[in-house]
Amino acid sequence: MKRRIPSVKVAWLVGTALLATALLIGCTIKQQVQLEVDESGKVSMQIRLEPVFVEYINDLSAFTGESLEGQIFNMEEIKKGFAERNDVTLISIDTPDPATLEMELDFRSIEEVFSSEQELQESGVIRFERVSQGYSVRFHLDRKNFSSIMKFMPALQNPLFEGLGPQENDDTTEEEYLELMDLALGDGGADSVRNSYIETKVTVRGTLVSQTGGKISPGGVTFTIPLIRVLLLDKPLDYSLVFK
């Protein structure tokens, strides 16, 4: 017999589906990061939404009366956001189709980029340090510091989304979560979450000293994070990279 999920948990998980959409956690994110020995670098990024989430976003916009006019990604707002930053330059941006966003970024100093994100550093989400072997970048995400991610994204600083992220004492299982994705998003919702991930390929012009959590790839390392792990955070996520 199929297990019944408590109604309170249903409400929380359906709410989390809305958060997932706002965070683009119904998508695959691929990033190519190139680090130079002088601390400068480039980032190529592609964000591609799963079809079921595109349909969900369109239905949600119709329900709220906010027309997307066939454009899910607001390129003008993205350009405006980068124009206000001194540490990162937006080189190009494109949406080859409504479900895909592609960007190329350039930065003069990786240390400058990380130092500008004090909230993430102080909470331990990101740590950038000069070490004896060169430079160390560490990423740690758990239920205790997830709220700093929420603060980092202004779009989520809204009472509607408060408390919808992974909860410190929550015992939701992956099976329960995926079952509710089908309930909230319709058939295919669970499969879309299963298929969604973040892939970051880091290439180093200098020397890759060590890494944890990724796989060695030509010239660097590749980190792949299934997005269900971010949605649940039933275990902390830890990744690191040391280069010189």
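Ion pairing between a basic and an acidic side chain is recognised when a charged N comes within 4.0 Å of a carboxylate O; Asp87 and Arg85 show such pairing. A salt bridge links Lys79 to Glu76: at least one charged side-chain nitrogen sits closer than 4.0 Å to a carboxylate oxygen. Between Arg229 and Asp234 there is a salt bridge, with a side-chain nitrogen of the basic residue lying less than 4.0 Å from a carboxylate oxygen of the acidic one. Arg108 and Glu36 are not joined by a salt bridge, as no carboxylate oxygen comes within less than 4.0 angstrom of a charged side-chain nitrogen.
The two residues Phe107 and Lys42 make their nearest non-hydrogen contact at CE2-N, 3.8 Å.
Judged by distance alone, the side chains of Asp97 and Thr100 do bring a donor and an acceptor atom under 3.5 Å apart. Donor-acceptor pairing under 3.5 Å is recorded for the side chains of Ser240 and Thr212.
Test Gln211, Gln31, Lys215 against Phe223 for side chain to side chain contact (heavy atoms under 4.5 Å, CB included) and you get one pass: Gln211. Just one of Thr222, Val221, Val137, Val43 meets the side chain to side chain contact (heavy atoms under 4.5 Å, CB included) condition when paired with Val202; it is Val221.
Ile225 places a side-chain heavy atom less than 4.5 Å from the side chain of Leu237. Side-chain contact between Thr28 and Leu227: absent, with no pair of heavy atoms (C-beta onward) separated by less than 4.5 Å. Between Asn145 and His140 the shortest side-chain heavy-atom distance falls below 4.5 Å. Ile198 places none of its side-chain heavy atoms less than 4.5 Å from the side chain of Thr224. Side chains of Thr95 and Met75 form a contact here, defined as non-hydrogen atoms less than 4.5 Å apart. Residues Ile91 and Leu105 fail the side-chain proximity criterion, which asks for heavy atoms closer than 4.5 Å. Side-chain contact between Gln46 and Leu101 is absent, with no heavy atoms from C-beta onward closer than 4.5 Å.
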List the steps and the verdict of side-chain contact (heavy atoms from CB on, under 4.5 Å) for Leu178 and Arg194.
CA-CA 8 Å; Leu178 292 174; Arg194 285 193 192 96; 3.6 Å; yes
Using the side-chain hydrogen bond (donor to acceptor under 3.5 Å, both in side chains) rule, take Gln32 and Gln34 through it: C-alpha gap first, then chi angles, then the decisive distance, then the call.
CA-CA 7 Å; Gln32 178 73 50; Gln34 180 177 312; over 6 Å; no
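Residue-environment remark: CZ (Arg138) stays at or below the threshold of 12 foreign heavy atoms within 6.0 Å.
The aromatic rings of Phe139 and Tyr239 are tilted relative to each other, their planes meeting at an angle between 30° and 60°.
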